[in-house]
Amino acid sequence: MSFVNVNLSENIAILEINRPEGLNALNTEVLSDLLEAISALHEEEDLRALIVTGAGEKSFVAGADIGEMSGLNSREAENFGHFGSSVFEALRQIPCPVIAAVNGYALGGGFELALACDIRLASTTARFAFPETGLGITPGFGGTQRLAKLCGTGVASELIFTGRRVKAEEALALGIVNKVVEPDQLIDEALEMAKAIADKAPIAVAKAKQAIYASEELSIEQGLDLEAAFFAHCFETQDQKRAMKAFLDKEEFHDFQNL
Ligand code: DAK
């Protein structure tokens with residue numbers, strides 16, 4: 001039995017962390033299954049959107065597994081950390097947009113998993129927090145970096161130093177999530193967004209994603225050069241030619257081929 005379910009249909013995949021009895025906490029087995037699932041998704045040539053969620057009604061992911069972490073010595077902790085980081089990095093490298101559908105607790109490593117996605121939708125039951133400092137550790141799967149980039153150092157500092165739990169509506173106000181919906185609407189909303197993305201030119205979407213993240217590292221001049229190069233690249237694609245021709249012919253166009 002795998003701790004990760006993947007359902008792929010019409011270029012959209014739903015990846016579900018499936019350990020509900022432990023509130024989907026990330027132990028080595030869950031992380032291994034997650035890496036295997038993400039590696040398989042990397043091989044899907046025409047994957048256009050990925051939704052990440054947690055099994056059960058209570059929790060997205062309640063963090064790294066405290067039971068497993070508690071017995072580690074410092075060398076084992078380093079290995080666990082490197083392994084977990086490689087899994088999150090593999091997710092970050094997925095070329096298509098990744099949507100987190102946060103269906104309950106997103107704590108510690110679970111909050112970081114949501115932050116490693118491009119877009120976050122939350123159910124009204126979502127709760128975000130970094131309990132790490134209360135456990136004598138720092139966030140280790142990118143939380144200090146990604147929350148500070150997303151919301152600024154003031155918000156990141158408060159939430160990481162205090163471990164305060166944030167409800168979905170506050171997460172929306174802070175810019176942590178894009179939208180809050182009722183729990184029974186969460187997957188439908190995520191699918192609707194995924195379908196809207198999948199309906200666009202995949203090469204253009206993937207290049208736009210790459211350019212958006214490059215903005216975190218490049219000067220504005222370098223970023224504009226990169227954007228111009230990606231823009232030029234689109235003019236080598238069949239999708240650009242066919243979509244613009246359809247516009248000029250006054251035809252609806254939804255037939256992007258990823259070519
Ligand atoms: N680890 C292990 N088990 C967990 C867990 C977790 N994080 N969260 C929940 N569970 C388990 C509970 O132990 C319980 O198991 P049983 O007792 O039934 O066997 C089951 O899930 C149900 O949980 P509760 O009975 O506690 O349910 P409640 O509704 O009463 O409470 C709760 C729900 C989410 C408020 C509570 O379970 C809770 O506070 N959980 C711990 C949340 C937490 O502190 N998470 C952050 C972990 S620290 C690093 C990389 C990553 C990290 C650090 C470093 N490096 C690269 C260096 C990440 C660290 C973390 O995520």
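Residue numbers run from 1 in the order of the sequence given.
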Is any side-chain heavy atom of [X] closer than 4.5 Å to a side-chain heavy atom of [Y]?
{"X": "L26", "Y": "F88", "answer": "yes"}
{"X": "E112", "Y": "F130", "answer": "yes"}
{"X": "L218", "Y": "L224", "answer": "no"}
{"X": "E16", "Y": "T53", "answer": "yes"}
{"X": "K195", "Y": "I12", "answer": "yes"}
{"X": "V181", "Y": "D188", "answer": "no"}
{"X": "F111", "Y": "V102", "answer": "no"}
{"X": "L174", "Y": "F128", "answer": "no"}

Are there over 12 heavy-atom neighbours, none belonging to [X], within less than 6.0 Å of that residue's [atom1]?
{"X": "Q93", "atom1": "CD", "value": "yes"}
{"X": "E227", "atom1": "CD", "value": "no"}
{"X": "Y213", "atom1": "OH", "value": "yes"}
{"X": "K241", "atom1": "NZ", "value": "yes"}
{"X": "I220", "atom1": "CD1", "value": "no"}
{"X": "K200", "atom1": "NZ", "value": "no"}
{"X": "Q210", "atom1": "CD", "value": "yes"}
{"X": "E216", "atom1": "CD", "value": "yes"}

Between R19 and D65, is a salt bridge (Lys or Arg N to Asp or Glu O under 4.0 Å) present by the stated rule, with each step listed? CA-CA 11 Å; R19 193 192 168 205; D65 191 298; 2.8 Å; yes

Between [X] and [Y] (side chain of the first, backbone of the second, donor and acceptor by atom type, cut-off under 3.5 Å), is there such a pair?
{"X": "K209", "Y": "C96", "value": "yes"}
{"X": "S59", "Y": "N24", "value": "no"}
{"X": "R120", "Y": "A114", "value": "yes"}
{"X": "N103", "Y": "G54", "value": "yes"}
{"X": "E76", "Y": "N73", "value": "yes"}

Atom [atom1] of [X] and atom [atom2] of [Y]: how far apart are they, to the nearest 0.5 Å?
{"X": "L47", "Y": "N11", "atom1": "CG", "atom2": "CG", "result": "7.5 Å"}
{"X": "D255", "Y": "D199", "atom1": "CG", "atom2": "CG", "result": "10.0 Å"}
{"X": "E189", "Y": "D184", "atom1": "CD", "atom2": "CG", "result": "10.5 Å"}
{"X": "Q257", "Y": "I203", "atom1": "CD", "atom2": "CD1", "result": "10.5 Å"}
{"X": "I176", "Y": "L147", "atom1": "CD1", "atom2": "CG", "result": "5.5 Å"}
{"X": "I38", "Y": "L91", "atom1": "CD1", "atom2": "CG", "result": "4.5 Å"}

Steps toward side-chain contact (heavy atoms from CB on, under 4.5 Å) verdict (L23, K58): CA-CA 7 Å; L23 303 187; K58 206 167 158 183; 4.0 Å; yes

Quick check on the hydrophobic clustering: are [X] and [Y] connected, directly or via other members, by side-chain heavy-atom contacts under 4.5 Å?
{"X": "L186", "Y": "V6", "answer": "no"}
{"X": "Y105", "Y": "V52", "answer": "no"}
{"X": "F3", "Y": "I66", "answer": "yes"}
{"X": "V177", "Y": "M193", "answer": "no"}
{"X": "L135", "Y": "L159", "answer": "yes"}

Testing the basics here: between [X] and [Y], what is the closest heavy-atom pair and its distance to 0.1 Å?
{"X": "A90", "Y": "H42", "answer": "O-NE2, 2.9 Å"}
{"X": "L121", "Y": "I99", "answer": "CG-CG2, 4.1 Å"}
{"X": "T28", "Y": "F83", "answer": "O-CE2, 4.0 Å"}
{"X": "A13", "Y": "L8", "answer": "CB-CD1, 3.8 Å"}
{"X": "I160", "Y": "G143", "answer": "CD1-O, 4.1 Å"}
{"X": "R48", "Y": "N258", "answer": "NH2-N, 4.1 Å"}

List the steps and the verdict of side-chain contact (heavy atoms from CB on, under 4.5 Å) for V61 and V30. CA-CA 11 Å; V61 167; V30 177; over 6 Å; no

Using the side-chain contact (heavy atoms from CB on, under 4.5 Å) definition, which of the options I51, I94, V98 pairs with C117? V98

Measure up the F141 and F80 rings against each other and bin them: parallel (under 30°), tilted (30 to 60°), perpendicular (over 60°). tilted

With no hydrogens and no angle check, just 3.5 Å: does a side-chain donor-acceptor pair link Q222 and S219?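 Short answer, yes.
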
Before giving the answer on salt bridge (Lys or Arg N to Asp or Glu O under 4.0 Å), spell out for E78 and R75 the whole-Å C-alpha distance, their side-chain angles and the decisive distance to 0.1 Å. CA-CA 5 Å; E78 195 176 342; R75 207 166 63 83; over 6 Å; no

Identify which one of R164, R127, R165 satisfies the salt bridge (charged side-chain N to carboxylate O under 4.0 Å, His left out) criterion when paired with E170.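 By the salt bridge (charged side-chain N to carboxylate O under 4.0 Å, His left out) criterion, E170 pairs with just one of R164, R127, R165: R164.
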
